[in-house]
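Okay, structure first, notes after.
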Protein chains: 2
Amino acid sequence: MRAVRPKRGEGEAYCYQQLRRAVLEGRLVPGQRLVETELARMLGVGRAAVRTALARLEQEGVVERSPNRGARVRLLTEEEAVEILEARAALECLAARHAALRARPQDVRELRAILREMAACARRGDSLGYSECNGRFHHVLVRASGHATAQRLLDSLWAQMVRYQYRTVLAPGRLPRSLEEHRAIVDAVAAKDPDAAEARMRAHLQAVLTSLREVARRTWPAAAP
Amino acid sequence: MRAVRPKRGEGEAYCYQQLRRAVLEGRLVPGQRLVETELARMLGVGRAAVRTALARLEQEGVVERSPNRGARVRLLTEEEAVEILEARAALECLAARHAALRARPQDVRELRAILREMAACARRGDSLGYSECNGRFHHVLVRASGHATAQRLLDSLWAQMVRYQYRTVLAPGRLPRSLEEHRAIVDAVAAKDPDAAEARMRAHLQAVLTSLREVARRTWPAAAP
DNA sequence: GTCAACTTTGTTGTAGACAATCCGGCCCGG
DNA sequence: CCGGGCCGGATTGTCTACAACAAAGTTGAC
């Protein structure tokens, strides 16, 4: 599972990253118990490092902990997923605006490269690959914005959302439109037009949100406590 | 400093809240070193509890830690303060929209009560009291929105901003206009008009942002590394 | 006098041990 | 058959001790 035992002073950060990745990649599924001793043994570190890492993940919203009862991977209700997507939308609009103002040519090139990859995935019907590109796209765009605060918040929101990400993209017929929306955003950024970038990002995430609500309504016709 | 020693299982949460409050109330100033042993003795808990609390505060952006060198209260540059305010604006607009849709009558009453307090502070020139009310106002509004995700993110942003909050409100001549902006927001919420609520919140925070930039430019004519 | 290497001091990072607490199964009376 | 109390295993919360490390101070040679 691990390559080398982390050096002194890196144990906690190592645990944090490994656990985070494990959740993002679906190796730790929502609801799953996270036993400190077990994780410590797996990662080759002490319980203290695991403990503080879990505390950070809790603060980030990836993990849930209750006193004396340990930690589990947080399980989202549909409402929470919608909320997170709404917050993401608000922040990514901000990021898109800044990206239009501050993106360097190489950022735009990278975005266009990802667009080409997305198009290729779309052609061969590879939804999973498309979803992965989609993640990279948004990540690169936010990074290009140079807005460290938005990036930090969005990273944490993204980490909570992954499980739902796949569903939304799989909504039937949305794939080509999604691709077009992404292209429009890049064009606005390349044209250094902050208003258009923000507006198009808003439109895009609005569509994703609608799609998520649709899929959710279809999946759980009348659930959510 | 403390009332009772926290019971088993509450140590970490207790530390977290106490340290957070200490930073928010200015008893721990930015840049100040946070020595684990010392805090543990002060709070009457073990070092482990302090340690995990510091990890959470780091994740929240309130403190900074570097390996083997301990933690300090995070010190913001002007640019970071602007970024945080921008993120706050994006999220509070979302919250204002939701508040307009979901606020209960008692929430509106509470907001109007705070408005009256603010007006009183403004009349007697009590900037500090006004600033405190301002904080309560935004907190209550966000709570009324029922948007747990936005609330969580905004709480953390707020915790990072406090040191700058006072300055912005002290900008000369802004106090009456600020009051009017708040009143306009409450009116929109009371009228259940989400578009107006969002727009007015945006206008308000835009004004605050401009004011912050102005004050910052005046204070450090050409600083910020 | 200056600079480098060494020592000292204070603090953090980690390991191990132990008690408190929770969860499950179990027994027993109704 | 069912509910309440009791016990055992598992897991967490906390404490103590100690090694690793950083920063400041000290020594000594040039």
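Order of the sequence lines sets the chain letters (A, B, ...), proteins ahead of strands, with each chain counted from 1. Note: hydrogens, waters and symmetry copies are ignored here, and every other heavy atom, side chains too, is used.
When each of C/dA15, D/dG13, C/dG13 is scored by its nearest atom to the side-chain atoms of A/Arg5, the top-ranked nucleotide is C/dA15. Picking from C/dA15, D/dG13, D/dA20 the nucleotide with the shortest atom distance to the side chain of A/Arg8 gives D/dA20.
The residue among B/Leu34 and A/Gly46 whose nearest nucleotide of DNA chain C lies closer to the 5′ end is B/Leu34. Nearest-nucleotide mapping onto DNA chain C: of A/Arg47 and B/Ser66, the residue sitting toward the 5' end is B/Ser66.
Atom-to-atom, CD of A/Glu10 to C1' of D/dA20 comes out at 13 Å; the value is rounded to the nearest Å. A straight line from CD of B/Glu58 to P of C/dT12 spans 14 Å, rounded to a whole angstrom. Atom pair A/Glu36:CD and C/dC22:C1' shows a separation of 14 Å (rounding to whole Å applied). Rounded to whole Å, atom P of D/dA10 lies 18 Å from atom CZ of A/Arg69. Nucleotide D/dC15 holds its P atom 12 Å from the CG atom of B/Leu43, rounded to whole Å. Rounded to whole Å, the distance from CZ on B/Arg72 to P on C/dT12 is 11 Å. Atom CZ of B/Arg51 and atom P of C/dT11 are 14 Å apart (whole Å). For B/Leu39 and C/dT11, the CG to P distance is 11 Å, given to the nearest whole Å.
For B/Arg33 against C/dG10, a side-chain-to-base donor-acceptor contact under 3.5 Å is absent.
A salt bridge links B/Glu36 with B/Arg47: at least one charged nitrogen is closer than 4.0 Å to a carboxylate oxygen. Electrostatic pairing of A/Glu92 and A/Arg202 does not count as a salt bridge here, judged by no charged N lying under 4.0 Å from a carboxylate O. Under the 4.0 Å criterion applied to side-chain N and carboxylate O atoms, A/Arg51 and A/Glu12 are not assigned as salt-bridge partners.
Distance alone, capped at 3.5 Å, is enough to place a donor-acceptor pair between the B/Asp107 side chain and the B/Arg104 backbone.
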